[in-house]
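Taking it in order: structure first as structure tokens, then the write-up.
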Amino acid sequence: MKGEIPKNDKGIDANSGRRSRFRSITARVLAVNVLALVILVVGLLYLDRYKEHLIQSELLSLETHGGIFAAALGEAAVTTNPAMGQDFLTAMARPMVRRLAVPGGLRAQLFAANGDLIADSRYLGGKKGKVQIKELPPPQSPTGFFGSLLGTAIDRYDWVLHQLSAGPTYLAYPEKPAPKAADYPEAQRALAGETRRSVRARANGQLVLMVALPVQRYKQVLGALVLSIGDERLSADIRGVRIEILTVFLIVLAITVLMSLWLAGTIARPMRQLAAAADRVRHGQDQARSVTIPDFTNRGDEIGDLSGALREMTQALWVRMEAIEGFAADVAHEIKNPLTSLKSAVETASRFEYPEQQKRLMAVILDDVERLDRLITDISDASRLDAELGRARMTKVDIRGILETLVDIERTTRESAAKESAASAPEFILALPGDDDFTVLGMRDRLGQVFANLIANAVSFSPPGGTIRITGNHLDGRICIAIEDQGPGMPPGKFQAVFERFYTERPIGEKFGTHSGLGLSISQQIIDAHRGHIRAENVEREGAVVGARFVISLPEYNRV
């Protein structure tokens with residue numbers, strides 16, 4: 001429909017990328033905490049077992065009270081007639097029944113042995129007949145709006161429970177103007193000498209607790225005493241307990257909601273800030289690259305870890321982007337030089353008429369083409385290197401084996417070249433302790449590329465018959481490999497610049513354009529990916545520079 005914000009199947013706004021309000025962390029925290037509390041309160045409000053316990057306690061109390069009541073009637077309200085035997089004194093029994101029943105809020109009914117009603121505490125006898133007495137409920141204290149609201153909630157809860165469960169079924173309580181013992185099975189059992197307890201229900205749903213006891217004198221059953229009481233007091237007690245539970249529930253609910261909002265805020269608010277900062281980075285809206293992502297690392301929790309990781313990732317992203325920009329500029333500059341030379345040679349070649357001049361220009365063009373080919377090859381290797389280092393799987397690599405293989409290859413190659421040119425080949429000295437383990441976790445081919453590049457670099461700077469020395473040792477859990485030559489060394493202050501892209505500092509007399517200047521830069525990138533370090537320095541003896549040295553430090557295999 002028009003005006004609606006489209007959402008995908010995960011509840012995220014398609015335009016903004018934000019989750020809908022009902023799926024936010026705040027809503028979920030509130031739902032979890034409040035739902036658990038509501039389930040607990042609903043269970044506590046279900047007090048049927050508590051009500052049954054109160055009913056049984058009330059019946060026991062009623063039975064005890066009735067036992068005393070029946071004993072008093074058997075002793076004081078019975079007369080002995082030699083002709084008729086023992087019988088109740090009606091004039092004495094009726095006031096006793098009323099006086100003993102009314103203070104406890106009970107209804108007492110006394111039936112004779114033949115089942116006739118002798119006395120009922122609900123009626124007063126007079127000259128003009130019986131007067132029925134009905135106890136009025138005690139005045140209720142005003143509860144106010146809050147109490148009325150809680151009462152309404154309890155009534156709704158009871159209605160729902162009644163709809164879901166019928167509950168126990170009770171026999172109807174007989175309401176007759178002239179009851180007899182036959183109307184109460186409990187009274188009939190009492191006339192047989194037994195004590196009976198029961199729970200009955202009125203037409204309006206209220207319960208009546210009944211106890212029937214035999215009235216005896218000298219073990220002779222003279223009648224039955226039936227005591228009954230409504231459940232108004234029990235219901236009031238249960239209702240009071242429920243109101244107290246609901247009151248505590250509302251207080252705890254308010255505290256839970258506030259604490260949940262606070263907890264969700266400590267999680268959702270910084271995450272929203274991090275997400276907004278990430279959006280600014282994605283859309284390029286923030287020029288302050290170093291302070292783009294908010295710093296929550298002082299929290300010391302997972303949000304702080306996430307903030308630190310995002311900050312480091314963003315900084316690495318900017319560094320990578322700056323490196324790409326710089327790399328592109330350097331590539332353009334380096335390619336432009338041979339292209340300019342090619343353009344000049346091609347334009348000049350058309351003006352020369354002599355074959356010798358054209359041949360020299362063609363040689364220049366060929367050198368520039370070879371230089372371009374070599375440059376493009378090295379640039380392609382450098383551009384693929386970063387992605388390859390991120391995807392490649394590192395394995396256990398023996399540095400000793402790599403160095404021994406490279407030294408053997410260099411010795412054979414240089415000795416063959418020296419025989420053809422009548423020049424002295426450099427001497428290689430590989431000095432690694434025989435018992436030490438030079439094993440690291442890495443990529444064998446790339447580490448071999450680094451050592452091959454450094455050895456080739458040392459050979460190119462070594463004088464005829466010079467010595468290239470390769471040593472290794474262990475230092476603080478790291479393997480250190482040093483490759484040094486006897487060349488002229490490096491210019492002062494250039495020890496770090498030699499690792500920059502396209503930087504070249506070649507020996508005197510070497511043909512221009514033979515090297516692209518990417519070898520040491522690629523080597524540093526590979527060593528950094530292995531969590532190692534590479535540095536350049538001059539070898540000095542007695543204050544004079546006698547060569548150059550490259551030192552590589554890599555973590556040992558068992559320290560990774």
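The shown structure was predicted, so the numbers you read here are calculated from the model rather than taken from an experiment. Below, each value reflects all heavy atoms present in this structure, side chains not excepted, and no hydrogens, waters or symmetry copies.
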The side-chain contact (heavy atoms from CB on, under 4.5 Å) partners of D295 (sequence neighbours excluded) come to T297, S307, R311

Would E404 and L430 count as a side-chain contact (heavy atoms from CB on, under 4.5 Å) here? Give the steps. CA-CA 8 Å; E404 289 176 349; L430 180 60; 3.5 Å; yes

Would you confirm whether D485, through its side chain, and A548, through its main-chain N or O, come within 3.5 Å as a donor-acceptor pair? yes

If we only count heavy atoms from C-beta on, is the H530 to I526 side-chain gap below 4.5 Å? yes

Who passes ring pair (Phe, Tyr, Trp, His ring centres under 6.0 Å) against F249, sequence neighbours left out? none

Reference residue L253; test side chain to side chain contact (heavy atoms under 4.5 Å, CB included); the match among L258, V248, V34, V38: V34

For G466 and Q486, which heavy atoms make the closest approach, and how far apart are they? CA-OE1, 3.6 Å

Salt bridge (Lys or Arg N to Asp or Glu O under 4.0 Å) against R299, all qualifying residues, sequence neighbours excluded: D301

Do other residues, nucleotides or ligands put more than 12 heavy atoms under 6.0 Å from M271 CE? no

Listed partners of R549 passing salt bridge (Lys or Arg N to Asp or Glu O under 4.0 Å), at least two apart: E484, E537

Over all heavy atoms of both residues, which pair between C480 and L475 is shortest? Give the atoms and the distance, please. SG-CB, 4.2 Å

Could you list the residues that satisfy salt bridge (Lys or Arg N to Asp or Glu O under 4.0 Å) with R446, not counting sequence neighbours? D381, E388

Backbone of D436 reached by a side-chain donor or acceptor of R400 within 3.5 Å: yes

Among residues at least two apart in sequence or on other chains, which ones pass side-chain contact (heavy atoms from CB on, under 4.5 Å) with L30? T26, V257, S260, L261

Evaluation steps, side-chain contact (heavy atoms from CB on, under 4.5 Å), between I481 and L454: CA-CA 11 Å; I481 304 296; L454 293 179; over 6 Å; no

Would you sort out whether Q449 and I522 count as a side-chain contact (heavy atoms from CB on, under 4.5 Å), showing the intermediate values? CA-CA 9 Å; Q449 178 183 352; I522 292 175; 3.7 Å; yes

